[in-house]
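This report concerns only the one structure given below.
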Amino acid sequence: MSDASTHFLEATGVTKRLGVHLVLDKANLAIRRGETLVLLGRSGEGKSVFLKNLAGLMEPDEGSIKVEGKEIVGLDERHVGVTRRKFGILFQGGALFDSFNVEQNVAFPLVEAGIRNREEIRQRVRDSLEAVGMHGHLSKMPIHLSGGQRKRVALARAIIANPPCLLYDEPTAGLDPIATANIDRLIRRFQEQFKVTSFVITHDLKSVERIADRVAFLRAGTIWCLGTPPEMLASTDPAVQHFLEGRADDLHLG
């Protein structure tokens, strides 16, 4: 039985096809309130597709997705839009608007939500940028930001509406070790300070050790295994071992 008081999000039997390709195959995953759950898996295994289904940006062909105990599969666009506002999403690469400056990028969710008070918007933008260490960059264009700065601006945009859940799609991809550590520190800080529930897709095992409460491994369209970081790193499952060691996986396990 669903426990909405314990789980922020529950996915049960989620199946998704893109054309003839079966991307997700009866995937099950429950994310506890206030935890940081990291999703690992090889490239092309469907991690980003899973994230988009969880956030209501895509709808599964089969299965159930409950957010705070409420089913979102099958909802019309107006009602699923209400659910989407429970999530802040940091997309791969940051996905900033190149024609907007930093202030306009971070303010975008508030403007889209219909907030018109310019002073309120400006203050909330400043607060969000302050939280990620990017104050003083309001007028900069994305082209003039480093990779780490772009990610932090995108993170400021993701948190500006104070969502209870943050979804991160490869938040440290392409960043140097220092920038990666800074992003990891912010992810952990938001969880600890604001009790945010976080779902993180990453390939960075150092990040896993720094931020994860639990780790899920996606393989063959399903959650292959789930555990704490020490449990995952000590796994004797051949597929997990090959992934963690960076070895080619020539096993036929799916």
Phe190 and Leu166: CA distance, side-chain angles, deciding distance, side chain to side chain contact (heavy atoms under 4.5 Å, CB included) verdict: CA-CA 9 Å; Phe190 293 144; Leu166 291 172; 4.0 Å; yes

Val153 vs His137, side chain to side chain contact (heavy atoms under 4.5 Å, CB included): CA-CA, chis, key distance, verdict: CA-CA 9 Å; Val153 170; His137 296 270; 5.9 Å; no

Glu35 and Thr197: CA distance, side-chain angles, deciding distance, side-chain hydrogen bond (donor to acceptor under 3.5 Å, both in side chains) verdict: CA-CA 5 Å; Glu35 79 168 334; Thr197 302; over 6 Å; no

Trace of the side chain to side chain contact (heavy atoms under 4.5 Å, CB included) decision for Ser64 with Glu71: CA-CA 7 Å; Ser64 165; Glu71 181 65 59; 2.5 Å; yes

Verdict with reasoning, Ser139 to Val102, per side chain to side chain contact (heavy atoms under 4.5 Å, CB included): CA-CA 6 Å; Ser139 61; Val102 167; over 6 Å; no

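With rounding to the nearest 0.5 angstrom, the OG1 atom of Thr83 is 11.0 Å from the CG atom of Leu57. Residue Leu129 holds its CG atom at 10.5 Å from CG of Leu155, rounded to the nearest 0.5 Å. We find the CZ-CZ distance between Phe199 and Phe87 to be 10.0 Å, quoted to the nearest 0.5 Å. Within the model, atoms OH of Tyr168 and OG of Ser207 stand 12.0 Å from one another, a figure rounded to the nearest 0.5 Å. Rounded to the nearest 0.5 Å, atoms CG (Leu110) and CD1 (Ile121) are 6.0 Å apart. Annotation: the span from Leu29 atom CG to Arg214 atom CZ amounts to 7.0 Å, rounded to 0.5 Å.
The salt bridge (charged side-chain N to carboxylate O under 4.0 Å, His left out) contacts involving residues 100-115 comprise Glu103-Arg122, where partners must be two or more places apart or lie in separate chains. Note on residues 193-208: no pairs pass salt bridge (charged side-chain N to carboxylate O under 4.0 Å, His left out), not counting sequence neighbours. Contacts classified as salt bridge (charged side-chain N to carboxylate O under 4.0 Å, His left out) and involving residues 137-149 (residues at least two apart or in different chains) are not found. Note on residues 166-179: no pairs pass salt bridge (charged side-chain N to carboxylate O under 4.0 Å, His left out), not counting sequence neighbours.
Across every non-hydrogen atom of Asn28 and Gly13, the tightest pair is OD1-N, 2.5 Å. For the residue pair Thr202 and Leu40, the shortest heavy atom distance occurs at O-CD2, 3.1 Å. Between Val208 and Pro229, the closest heavy-atom pair is O-CG, 4.2 Å. When all heavy atoms of Ala11 and Leu54 are compared, the pair lying nearest together is CB-CD2, 3.8 Å. For the pair Gly46 and Leu218, the tightest heavy-atom approach, listed with the atom from each and the gap, is C-CD2, 3.7 Å. The two residues Ala27 and Thr222 make their nearest non-hydrogen contact at CA-OG1, 4.1 Å.
The salt bridge (charged side-chain N to carboxylate O under 4.0 Å, His left out) search around Glu62 returns Arg17, not counting sequence neighbours. Scored by the ring pair (Phe, Tyr, Trp, His ring centres under 6.0 Å) test, Phe97 finds Phe100, Phe108 as partners (sequence neighbours excluded). Partners of Arg126 by side-chain hydrogen bond (donor to acceptor under 3.5 Å, both in side chains), not counting sequence neighbours: none found. A search for side chain to side chain contact (heavy atoms under 4.5 Å, CB included) contacts involving Val49 returns Lys16, Leu18, Val23, Leu24, Asn53, Met58, not counting sequence neighbours. Residues forming a side-chain hydrogen bond (donor to acceptor under 3.5 Å, both in side chains) with Asn162 (at least two apart in sequence, or on another chain): none. By the salt bridge (charged side-chain N to carboxylate O under 4.0 Å, His left out) test, Asp25 is found to be paired with no residue, residues two or more places apart in sequence or in another chain being considered. For Asp61, the side-chain hydrogen bond (donor to acceptor under 3.5 Å, both in side chains) test picks out no residue, with sequence neighbours left out. Qualifying side-chain hydrogen bond (donor to acceptor under 3.5 Å, both in side chains) partners for Glu231, counting only residues two or more places apart in sequence or in other chains: Thr228.
Side-chain atoms of Gln191 never come within 3.5 Å of backbone atoms of Ser198 as a donor-acceptor pair (strictly under, hydrogens ignored). Checked by atom type and distance alone, the side chain of Gln104 pairs as donor or acceptor with a backbone atom of Asn101 at under 3.5 Å. Panel note: side chain Lys151, backbone Leu90; no donor-acceptor pair is recorded below 3.5 Å. The closest donor-acceptor contact from the side chain of Gln149 to the backbone of Ser146 lies under 3.5 Å. Between the Arg157 side chain and the Ala107 main chain, no donor and acceptor come within less than 3.5 Å of each other. Without hydrogens or angle criteria, Arg150 side chain to His144 main chain gives no donor-acceptor distance under 3.5 Å.
Between Phe50 and Leu39, some side-chain heavy-atom pair lies under the 4.5 Å cut-off. With a 4.5 Å cut-off on side-chain heavy atoms, Ile143 and Asp98 do not count as touching. By the 4.5 Å heavy-atom criterion applied to side chains, Val196 and Cys165 are not counted as neighbours. Contact of the Val200 side chain with the Pro171 side chain is registered, since non-hydrogen atoms from C-beta on lie closer than 4.5 Å. At least one side-chain heavy atom of Ile115 sits under 4.5 Å from a side-chain heavy atom of Glu120.
Between Asp213 and the choices Arg32, Arg33, Arg188, the salt bridge (charged side-chain N to carboxylate O under 4.0 Å, His left out) rule is met once, by Arg188.
Hydrophobic clustering of Ile, Leu, Val, Met, Phe, Trp and Tyr side chains at less than 4.5 Å, counting indirect connections, keeps Val82 apart from Leu75. The hydrophobic cluster containing Leu145 does not contain Met141, counting ILVMFWY residues as joined when their side-chain heavy atoms lie under 4.5 angstrom apart, directly or transitively. Val73 and Leu22 fall into different hydrophobic clusters, where Ile, Leu, Val, Met, Phe, Trp and Tyr residues are linked whenever their side-chain heavy atoms come under 4.5 Å apart, directly or through other members.
Between His203 and Phe243, the ring planes lie tilted relative to each other; the angle falls in the 30° to 60° range.
Asp237 and Gln241 form no side-chain donor-acceptor contact under 3.5 Å, judged by distance and modelled atom types alone.
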